[in-house]
Protein chains: 2
Amino acid sequence: MSPARSRTSDEGIIAAARGLLEEGGLEAVSMAAIAERVGIRPPSLYKHFADRSALLGAVVTEVAFDLGRALVSAVERSGTDGPGRLRALADAYRAFVLRSPRAAALLFAPAVPGVDPTPEANAAAARPVLEVAAALAGPERALAAARVLTAFAHGFTSMESAGAFRLGGDVDAAYQTGITVLLAGLERGAAD
Amino acid sequence: MSPARSRTSDEGIIAAARGLLEEGGLEAVSMAAIAERVGIRPPSLYKHFADRSALLGAVVTEVAFDLGRALVSAVERSGTDGPGRLRALADAYRAFVLRSPRAAALLFAPAVPGVDPTPEANAAAARPVLEVAAALAGPERALAAARVLTAFAHGFTSMESAGAFRLGGDVDAAYQTGITVLLAGLERGAAD
DNA sequence: ACCTGAACACCGTTCAAGT
DNA sequence: ACCTGAACACCGTTCAAGT
């Protein structure tokens, strides 16, 4: 009679995959596990996404949008001075990565080829960083400043969440040191 | 009669796996592909390594030792002043990552759980960074300085090799800017 | 329009059997 | 001591058939 009513949604599938990713890493995100979690059979997933790469791409796109929102809201909650905004941004980024380490790891280091956020999602995550960098370093040096800041924050947090800091010491203080140094160096005129 | 003579070696297997990794990424490093490249059948690999994780661990251990050697030799070739040594270190690190991006990606961001360099290999790669950081920032701030430098270099180069810098601009100059800023900020006394 | 079971080629891994 | 073919459970994916 009537065509089979949809038993799930793209959003539900993405949420299931994202949950599996955070709980068990990328290898736990199998089509079978996703299907079971949303209550359908694995072949049905292909009516929603072209293949596993496309599905993971949708996951990482959602993650990028979430990150963008978290960064914007952190900047809004902070004051209006450049350094304070940058610190809020850096702290919010680190908090996001430590809260969702495996999703964050997929953002910049594509473990699976072809798994990328959409350009829109990428732009949404990059925009607050570029704005704060522009306010801090001036518009013509904003891009380089944003890259330096993002590289440090991404590098530090990815190493931290991968357990690479094994020699003791105060990891939190090292992050703040890096932000302080970059802040001082990147402020308008400082690196000329 | 005589027991079957070994047709391959651990080193040959590691080299085959590393070649496959650099050519086709982690998913190209299948037990079948490794076995074919060294001229044996897949089950025979388990007489040399416990499983795929252990084999990949041996690969990443070799990569870490190679990185350590490349960094030490770059520092030795550079002059004796702290800033020059740090620049040599940073440039050598970036060159290494851009030359072997997929192997380098495995060093700090374990895409496959349980795939880690041995502590010795890790120490060999970290030592030159710690030494230069100590000369630059003083012994008691060496660890934090080394972490900040490594985080930046790793973050920048991993993003660069993943193609994350899509907005144009001078990527090389941004790296040098970051090193310059960190150098100035981390020199003894600068961040007190 | 969406879901299903059956099937395909592949994967890592185990194991008894060969030399 | 090392290598092998056969087998196992799993994986992503396709497809004809159901509703």
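Lettering follows sequence order; numbering is per chain, from 1. Quick caveat: nothing in here was measured; it's all calculated off a predicted structure.
Residues forming a ring-ring contact (aromatic ring centres under 6.0 Å, His included) with Phe65(B) (at least two apart in sequence, or on another chain): none. For Phe156(A), the ring-ring contact (aromatic ring centres under 6.0 Å, His included) partners at least two apart in sequence or on another chain are Phe152(A), Phe165(A), Tyr175(A). Considering only residues two or more places apart in sequence or on other chains, Arg166(B) meets the side-chain contact (heavy atoms from CB on, under 4.5 Å) condition with Asn122(A). The side-chain contact (heavy atoms from CB on, under 4.5 Å) search around Ala32(B) returns Ser30(B), Pro42(B), not counting sequence neighbours. With sequence neighbours left out, the side-chain contact (heavy atoms from CB on, under 4.5 Å) criterion links Ala104(B) to Val97(B). Qualifying side-chain contact (heavy atoms from CB on, under 4.5 Å) partners for Glu22(A), counting only residues two or more places apart in sequence or in other chains: Ser100(A), Pro101(A), Arg102(A), Ala103(A).
Salt-bridge annotation for Arg99(A) and Asp66(A): absent, with no side-chain N of the basic residue lying under 4.0 Å from a carboxylate O of the acidic one. The pair Arg94(B)-Asp91(B) does not count as a salt bridge, with every side-chain nitrogen at least 4.0 angstrom from each carboxylate oxygen.
Using a 4.0 Å cut-off on heavy atoms, the residues of residues 35-43 of chain A that approach DNA chain D are Pro43(A), listed by number. Contacts between residues 20-30 of chain B and DNA chain C, counted as heavy-atom distances below 4.0 Å, involve Val29(B), Ser30(B). At a non-hydrogen distance threshold of 4.0 Å, Tyr46(B), Asp51(B), Arg52(B) from residues 44-59 of chain B come into contact with DNA chain C.
In this structure, Thr8(A) and His48(A) have side chains that are in contact, with non-hydrogen atoms separated by less than 4.5 Å. Taking the side chain as every heavy atom from C-beta outward, Val132(A) and Leu71(A) never approach each other to under 4.5 Å.
Membership of the apolar cluster around Leu130(B) extends to Leu167(A), Leu143(B), as traced through chained side-chain contacts below 4.5 Å between ILVMFWY residues. Connectivity analysis of hydrophobic side chains (ILVMFWY, heavy atoms under 4.5 Å, direct or indirect) links Val72(A) to nothing; its cluster partners are none.
Of the possible polar contacts, none joining the Thr61(A) side chain to the Ala121(A) backbone as a donor-acceptor pair under 3.5 Å is found.
Rounded to whole angstrom, the span from the CE atom of Met31(A) across to the P atom of dC8(C) amounts to 20 Å. Rounded to whole Å, atom C1' of dC11(C) lies 12 Å from atom CD1 of Ile34(B).
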**Item:** Canonical and wobble pairing (Watson-Crick, G-U, under 3.5 Å) of DNA chain D, dot-bracket with |
**Value:** ||.|||||...|||||.||
